[in-house]
Amino acid sequence: MPELPEVEVLVRHLRPCLEGCKIRHCEILRERTVRPERPETIRQRLCGLRVEEVRRRGKYIVVRLSGRGTGSASECLLHLGMTGRVWVEGMDRPLPAHAVMVWELDGRRLVFSDPRGFGWCGFDGSVLKRLGPEPLGRGFDAGVLARRLGRSRQAIKGRLLDQGVVAGLGNIYASESLWVARISPFRQARDLTSADCGRLVRAIRQVLRRAIRLGSSVPLDWAGTSADGLFYFGRKPGLESAVQERFAVYDRAGERCFRCGEEIRRAVQAGRSTYYCPGCQG
DNA sequence: CACCATGTTCCTTG
DNA sequence: CCAAGGAACATGGT
């Protein structure tokens, strides 16, 4: 469920559930999920700590924990990969088949479930240092984007997926942003004018804000048992109306462009699907 | 069975 | 040395 908007909505949801809670036990059901530390190290580092703050950076969930007595603060990172989910539930429920980690709180528990197993939990904060600016923060404008794109001959779509250029865009919202900015995903990054960069920055912000607003306004199934993709893939019966026209191009190959009526196309760039409108993204 | 999927890292190739 | 592309990770849905 993970691009910036989904993680942001999730973090807002988790904040009141977690902040102030003490972690009584930590159970790791899939060892690969925790890294680079060993499972036993993670368990020891988490046990007995209190959650001081839950925040987001890019697609990462950052959990700040207060130390045992001596004030040794630490930050635990969670990344959801492609299919990771995190929620807090009562202790009476059966654990899902793909639970990879569980934190026992007082009378409740946090469940990290991840069928595909690309998600991650650990204390190595170095990944955060490599991230580009927050697209919704002040440090992101046309000049910054242009500088980060540099002289790259790579297609702009691919550059937007690089978390060092801007933090939090993924395959869906990269396509969406380019459509809003009317920029072809195949343009070489170095060829974008400053006007293009300005439109792209505004488009990215608009697309992400709208997705966060939408995700905050729809009743979400955090555990995702009904397979609604939390808030992707609103084609599920009963949810389509709420999320209709959520995506202008993503997963809409063969359908008509809302702006010019052309048929949306799908292409493959660097092994990943790109959706675009050949009519208005010249 | 074939192909597709919201991500990141590592390796190879040019 | 760098840029770019592809494989790998692993599982489920269509």
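Treat the numbers as computed from the prediction; the structure is a model and nothing was measured. Throughout, a chain's letter reflects where its sequence line sits, starting with A, and its residues are numbered from 1.
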Taken in chain and number order and not counting sequence neighbours, the residues that satisfy side-chain hydrogen bond (donor to acceptor under 3.5 Å, both in side chains) with A:Asp106 are A:Arg24
Writing each nucleotide of DNA chain B 5' to 3' as (, ), [, ], | or . by Watson-Crick or G-U pairing under 3.5 Å yields .||||.||||||||
- request: Test A:Gln281 against A:Ser184 for side-chain hydrogen bond (donor to acceptor under 3.5 Å, both in side chains), laying out the working first.
  value: CA-CA 5 Å; A:Gln281 288 177 265; A:Ser184 163; over 6 Å; no
Under a 4.0 Å heavy-atom cutoff, the residues of residues 111-121 of chain A touching DNA chain B are A:Arg116, A:Phe118
side-chain hydrogen bond (donor to acceptor under 3.5 Å, both in side chains) filter on A:Asp196, not counting sequence neighbours, yields A:Arg187, A:Thr193, A:Arg199
Applied to residues 3-58 of chain A, the ring pair (Phe, Tyr, Trp, His ring centres under 6.0 Å) test, sequence neighbours excluded, yields A:His13-A:Trp222
Next item on the list: Would you please confirm or rule out a distance under 4.0 Å between OP1 or OP2 of C:dT11 and any side-chain N or O of A:Thr83?
Entry: no
Contacts of A:Arg265 meeting salt bridge (charged side-chain N to carboxylate O under 4.0 Å, His left out) (sequence neighbours excluded), chain-then-number -> none
Ordered by number, residues from residues 26-40 of chain A within less than 4.0 Å of DNA chain C (heavy atoms) are A:Arg30, A:Arg32
The single option from A:Arg57, A:Arg50, A:Arg55 that satisfies salt bridge (charged side-chain N to carboxylate O under 4.0 Å, His left out) with A:Glu53 is A:Arg55
With the side chain defined as heavy atoms from C-beta on, A:His98 is closest, among B:dG7, B:dC4, C:dG12, to C:dG12
So ring pair (Phe, Tyr, Trp, His ring centres under 6.0 Å) across residues 138-160 of chain A, not counting sequence neighbours, yields none
Review point. How about A:Tyr173 and A:Glu6: does a side-chain donor come under 3.5 Å of a side-chain acceptor?
Key: yes
Exercise. So, A:Ser113 versus A:Arg85: side-chain donor-acceptor pair below 3.5 Å or not?
Worked result: no
Do A:Gln188 and A:Arg153 have side-chain atoms, one donor and one acceptor, less than 3.5 Å apart?
no
Contacts of A:Arg256 meeting side-chain hydrogen bond (donor to acceptor under 3.5 Å, both in side chains) (sequence neighbours excluded), chain-then-number -> none
In numerical order, the residues of residues 142-158 of chain A whose heavy atoms come under 4.0 Å of DNA chain B are none
The side-chain hydrogen bond (donor to acceptor under 3.5 Å, both in side chains) partners of A:Arg130 (sequence neighbours excluded) come to none
When you measure from the side chain of A:Arg266 to the backbone N and O of A:Tyr250, does any donor-acceptor pair fall under 3.5 Å? no
Would you say the ring centroid of A:Tyr275 lies under 6.0 angstrom from that of A:Phe247?
no
Q) For B:dA5, does either OP1 or OP2 sit under 4.0 Å from a side-chain N or O belonging to A:Tyr275? A) yes
Reading nucleotides 8-14 of chain B from 5' to 3' and marking B where a protein heavy atom lies under 4.0 Å of the base, S where only the sugar-phosphate is that close, and - otherwise, the string is SS-----
